Amino acid sequence: MTTDTAQPDVREVVAALDGRYPREWAEQWDKVGLVLGDFDTAVGRVLCVVDCVPETVDEALAVGADLIVAHHPLLLKAVSSIAPDTYKGRIVHRLIRAGVALYVAHTNADIANPGVSDALAARLDLAGLRALVPASGPGEGDGRGIGRVGELAVPMPLAELAGFAAGRLPATAAGVRAAGDPERMIRTLAVCGGAGDSFLAEATKAGADAYLCADLRHHPASEHLAAGGPALLDVAHWASERPWLDEVAEWLRGSFPVEALVSDLDTDPWTVHATSPSQKETIQ
Ligand SMILES: [Zn+2]
């Protein structure tokens, strides 16, 4: 916390974030906006994170952040207690006690333009971006929507693209796995930050050669491929959304005299990835 009057307070930063990511753009089920924090607290330092978990709260406190901007909601489902002996209650207590505000931009940041999937697409040098699923309702227009479809700067076979994506995205234990013919040539790529199961049909309709997202499951992926859909690349959920943190931090720096930091703490739950010895030769 600081008393420098040139610095914005939580109220001003939240208003600007709400302006860039209007809350009405979020899905009906989503919970976005200010989660906790004193509106009058001066903001000198912001920490951008994908997940507000004990480890990123430790980081926020260690760097002296006044505000955390998180992608995933801390409290998505209704709770009847935030007692400090509960997992989330302890986080709430720690943040309030330390005077750190918490703000969430989730599905409203997903559909924004630029939004979460633009940052992911930029990491992969995709050009000519369009929305994979154009937004309807309050967020409709101006290229907004879920996911992005674009052209790779250099077309490459699926297996090579998996290696390229692994090199461009933040490193995780899970890495990148691909489904489909490893030799299939990929020019048009659809991407979606976060879980992308629901948009497999849209990736097909968009004419993509491949679709990259997180959290793909056996049955939807198998059936999609059997129906002749685009090849698939499954990446770590955290890695698919982490690129957006750089973009939002840069925007915060340009909007206010604040120090905006980005957490590189991998909050993906997967910590080990082992490959069967007989499969090693197929790893790119
Ligand atoms: Zn996510």
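Please read all numbers here as calculations on a predicted model, not as lab measurements. Every number for a ligand or one of its atoms is a count from 1 in the order of the listing.
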**OP:** Test His224 against His219 for side chain to side chain donor-acceptor pair (under 3.5 Å), laying out the working first.
**Re:** CA-CA 8 Å; His224 160 87; His219 290 296; over 6 Å; no
**OP:** Tell me whether His71 has at least one N, O or S atom under 2.8 Å from the Zn ion (ligand 1).
**Re:** no
Subject >> Shortest-distance N, O or S atom of His237 relative to the Zn ion (ligand 1) >> reply: NE2
**OP:** Classify the angle between the aromatic ring planes of Trp244 and His71 as parallel (below 30°), tilted (30 to 60°) or perpendicular (above 60°).
**Re:** tilted
Original post:
Is the distance from the Zn ion (ligand 1) to some N, O or S atom of His72 under 2.8 Å?
Top reply: yes
Original post:
Going through the checks in order, is the salt bridge (Lys or Arg N to Asp or Glu O under 4.0 Å) test met by Arg23 and Asp30?
Top reply: CA-CA 9 Å; Arg23 299 182 192 193; Asp30 206 3; over 6 Å; no
**OP:** Specify the closest pair of heavy atoms between Ala236 and Asp268, including all atoms of both residues, with the distance to one decimal.
**Re:** CB-OD2, 3.6 Å
